[in-house]
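Take a look at the structure set out below.
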Amino acid sequence: MPRVRFAPSPTGYLHIGSARTFIFNWLYARRHKGTMILRIDDTDIERNTEESLNSIYEGLGWLELGWDEFYRQSERLELHRKMALAIFEKGLAYRDFTPAQADLEEKEHSEGPWLFNPGMRDMPREESDRRAAAGEPFVLRFRVPRESPATVRFVDAVYGEQTKSTADIEDFALLRSNGMPTYHMASCADDIDLRISHIIRGQDHLSNTFKHLLIFEAAGVEPPQFAHLPLLIAPDGAKLSKRKHGPVVSVTTYRDAGFLPHAYVNFLCLLGWSPKDNREQMSRQELIDAFSFEGINRSNAVVNFKEDDPIDPKALWLNSQHLRTMPVDELAPYVRRTLEEAGLPIPYTEQEFLQTIDVIRTRFSTLRDFVTRGRAYFSDEFPIEPTALEKLNQPGARELLRELGERLEASNEFTEQSVEFELRKLAEERGVKAGLIINAARAVLTGQPVGPSAFAVFVAIGRNRAIQRLRAA
RNA sequence: GGCGCUAUCGUCUAAGGGUUAGGACGGAGCCCUCUCAAGGCUCAAAUACGGGUUCGAAUCCCGUUAGCGCUACCA
């Protein structure tokens with residue numbers, strides 16, 4: 001039974017890249033009847049915010065993604081320290097009393113890589129103990145093997161065999177001078193303690209993995225399997241960032257744009273992964289059944305947004321596909337919530353509501369469309385768009401609509417067929433093209449120049465309201 | 001600078017020694033039509049560059065270039 005985890009640090013809102021990482025972990029867990037763990041990596045007390053934690057819950061909640069176990073690293077600090085100390089006692093870590101460096105500039109321009117601070121790595125234990133006892137602050141560093149340079153290796157489920165010489169790995173920190181564990185220490189300690197079997201995370205951690213392997217080895221445990229994911233990047237090739245790319249990176253943007261949660265999950269899955277059989281629109285179960293590490297790509301994927309439009313056209317298309325093809329009764333709750341949030345009434349019985357949704361969704365691509373382009377189906381107060389007005393202002397159109405209203409009122413029937421019959425009969429009698437009345441009717445009924453078949457619109461709007469709007473033309 | 005990863009249409013991707021390099025989004029056009037979508041049909045659009053290996057390379061190897069990641073007492 002695999003045990004996987006998604007381990008975000010609560011330092012900003014839920015990033016779409018993080019959401020995708022969660023999804024891939026979740027898919028793997030569901031596929032193999034494993035356990036999905038949400039672990040909040042909040043060891044950086046300076047940067048953590050409660051707000052950010054809430055946005056993670058909010059984002060995952062919106063995407064309808066759940067987890068089986070939950071942990072917060074800040075509540076497990078004792079475990080992290082204990083493991084760090086155990087490594088220290090084995091002689092595989094040492095105290096570094098060098099004060100924290102404020103000037104990073106110098107280091108960046110140096111020729112070779114920094115590996116360790118001279119004098120600290122080889123300090124006799126007695127001196128180290130004495131200075132620590134005297135209260136001098138220190139960081140605990142991992143003692144990377146240097147005497148006989150070894151090669152650290154592992155097989156990544158996505159990137160294949162990876163190797164790195166210990167000569168290229170610096171003596172990284174395990175414990176900060178304030179006693180807090182670093183990311184590397186906390187992460188590995190928890191992965192060990194929580195018996196994580198597969199670490200599925202962003203490719204930005206690929207080179208960190210060598211350090212983690214050293215920690216696992218020092219702790220005397222078998223490392224888990226690793227699967228690194230290609231990154232999500234901007235059209236200019238840069239890493240997606242809040243500062244540079246704004247709303248594109250936040251999942252709330254897609255929620256607010258009227259995306260269906262599953263459609264967005266589907267879209268995210270297609271960024272860096274493929275079922276390899278040309279399928280694109282897939283249900284949640286289909287995604288679970290098709291997911292495998294073999295399908296994951298190795299190159300970064302571009303989120304195709306523009307400066308004036310944060311939505312990737314393919315995401316929008318996928319959303320419209322789901323919106324138009326999913327069972328209406330599954331779609332209805334989303335539409336209901338969207339209407340409620342916009343303060344629009346639902347003047348329909350449940351049955352009528354489903355029928356109306358089914359008619360109008362054929363031209364919609366987001367939930368937002370129900371309250372904008374679809375406003376007239378729910379409220380009697382709606383604007384008539386300029387292009388719709390042109391059709392309504394065709395010579396004789398308004399008179400014909402009023403006449404049609406009277407005839408429909410006089411008729412017992414009110415179906416697509418009966419409306420079409422009356423309308424065409426009127427057109428013929430008055431010697432005008434049916435299209436003139438049809439387009440004018442759509443305009444007066446919906447305020448829109450375009451939309452579903454006009455006869456379906458009559459029925460969706462309902463007899464009384466339709467007649468009322470025609471007579472007021 | 002050092003180390004690592006990556007490179008197929010504008011974008012997401014398929015093909016992993018032999019295909020006219022396939023699909024999808026987006027774009028263009030045609031059909032359908034009460035409008036607009038949808039749908040159907042068609043078109044334009046790619047193997048970063050240079051060397052090898054091979055009868056044959058998008059695919060394997062080397063180099064170059066470019067991008068990204070790591071190189072913190074961030075994660």
Side-chain angles (χ1 to χ4, degrees), chain A residues 7-11 41-44 46-48 96 98-101 104 107-115 137-141 156 159 162-165 167-170 172-184 186-187 202-211 228 230-231 233 235-239 267 270-281 295 297-305 312-318 320-321 324 362-365 373 387-388 391 420 423-424 427 433-443 448-455:
Chain A
S9 58
T11 56
D41 280 11
D42 54 354
T43 55
D44 185 1
E46 314 272 295
R47 300 201 304 157
N48 294 332
D96 183 344
T98 312
Q101 285 221 329
L104 292 155
K107 232 154 104 178
E108 281 178 19
H109 293 291
S110 62
E111 289 294 304
W114 172 87
L115 290 177
F138 61 86
V139 295
L140 194 69
R141 288 190 185 282
D156 189 272
Y159 288 89
Q162 303 292 316
T163 58
K164 190 165 196 170
S165 168
D168 294 317
I169 305 173
E170 78 283 2
F172 54 95
L174 260 24
L175 250 33
R176 294 187 262 237
S177 55
N178 64 4
M180 289 291 281
T182 61
Y183 158 72
H184 302 299
S187 178
Q203 190 239 57
D204 46 345
H205 288 296
L206 194 59
S207 25
N208 283 333
T209 305
F210 299 102
K211 295 174 188 169
H228 287 88
L231 268 21
I233 58 175
D236 63 1
K239 185 176 161 179
F267 169 69
L270 262 19
L271 253 24
W273 173 81
S274 155
K276 296 189 185 286
D277 56 9
N278 284 346
R279 274 185 299 169
E280 300 207 294
Q281 185 191 350
N297 225 33
R298 280 176 290 274
S299 51
N300 293 343
V302 172
V303 179
N304 194 16
F305 62 90
D312 187 314
K314 192 149 193 172
L316 195 61
W317 170 78
L318 211 42
S320 69
Q321 292 301 303
R324 292 169 189 184
T362 58
R363 317 291 146 126
F364 290 171
S365 51
R373 294 197 280 149
T387 41
K391 300 188 176 188
E420 178 162 11
L423 190 147
R424 289 195 189 280
K433 290 171 96 174
L436 175 81
I437 310 180
I438 289 172
N439 289 327
R442 184 184 290 105
Q448 297 283 312
V450 300
S453 157
F455 307 116

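Quick note on labels: first sequence line is chain A, next is B, and so on, each numbered from 1. This structure is a prediction, so every number in the text was calculated from the model and none was measured.
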Name the nucleic acid region contacted by [X], choosing base, sugar-phosphate or nothing; use a 4.0 angstrom heavy-atom cut-off, strictly under.
X        : value
A:Asn297 : sugar-phosphate
A:Gly451 : base
A:Phe455 : base
A:Ser177 : base
A:Ser453 : base
A:Gly272 : sugar-phosphate
A:Pro10  : nothing
A:Gln162 : sugar-phosphate
A:His228 : nothing

Nearest listed nucleotide, side chain of [X], among [options]:
X        : options             : value
A:Gln203 : B:G69, B:U35, B:A75 : B:G69
A:Asn304 : B:U11, B:C12, B:C73 : B:U11
A:Asn300 : B:C68, B:C12, B:C73 : B:C68
A:Lys276 : B:C73, B:A75, B:A15 : B:A15
A:Lys314 : B:C73, B:C12, B:A75 : B:C12
A:Asn439 : B:U6, B:U35, B:C70  : B:U35
A:Val139 : B:U13, B:C73, B:G23 : B:C73
A:Arg176 : B:G22, B:C73, B:C25 : B:C73
A:Leu206 : B:G26, B:C5, B:C12  : B:C5
A:Ala301 : B:U6, B:C12, B:C73  : B:C12

So which heavy atom on A:Ala173 is nearest to which on A:Arg141, and how close?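 Looks like N-NH1, 3.9 Å.
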Base-pairing mate for B:A58 - Watson-Crick or G-U, with both contacts under 3.5 Å: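 The answer is none; no pair meets the criterion.
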Hey, are A:Asp312 and A:Lys314 close enough for a salt bridge, meaning a charged N less than 4.0 Å from a carboxylate O?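 Judged by the 4.0 Å cut-off on N to carboxylate O distance, A:Asp312 and A:Lys314 do not form a salt bridge.
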Taking the six-membered ring for Trp, is the centroid-to-centroid distance between A:His228 and A:Tyr159 below 6.0 Å?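 No - the distance between ring centres of A:His228 and A:Tyr159 does not fall below the 6.0 Å cut-off.
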Please give, in whole Å, the distance from B:U6 C1' to A:Leu231 CG?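 After rounding, the reported distance stands at 11 Å.
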A:Thr43 side-chain N/O to B:A75 phosphate OP1/OP2 under 4.0 Å: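 So the side-chain polar atoms of A:Thr43 do come within 4.0 Å of the phosphate oxygens OP1 or OP2 of B:A75, strictly under.
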Relative to the 5' end of RNA chain B, which residue comes earlier, A:Glu280 or A:Val303, by the nucleotide with the nearest heavy atom?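 Result: A:Val303.
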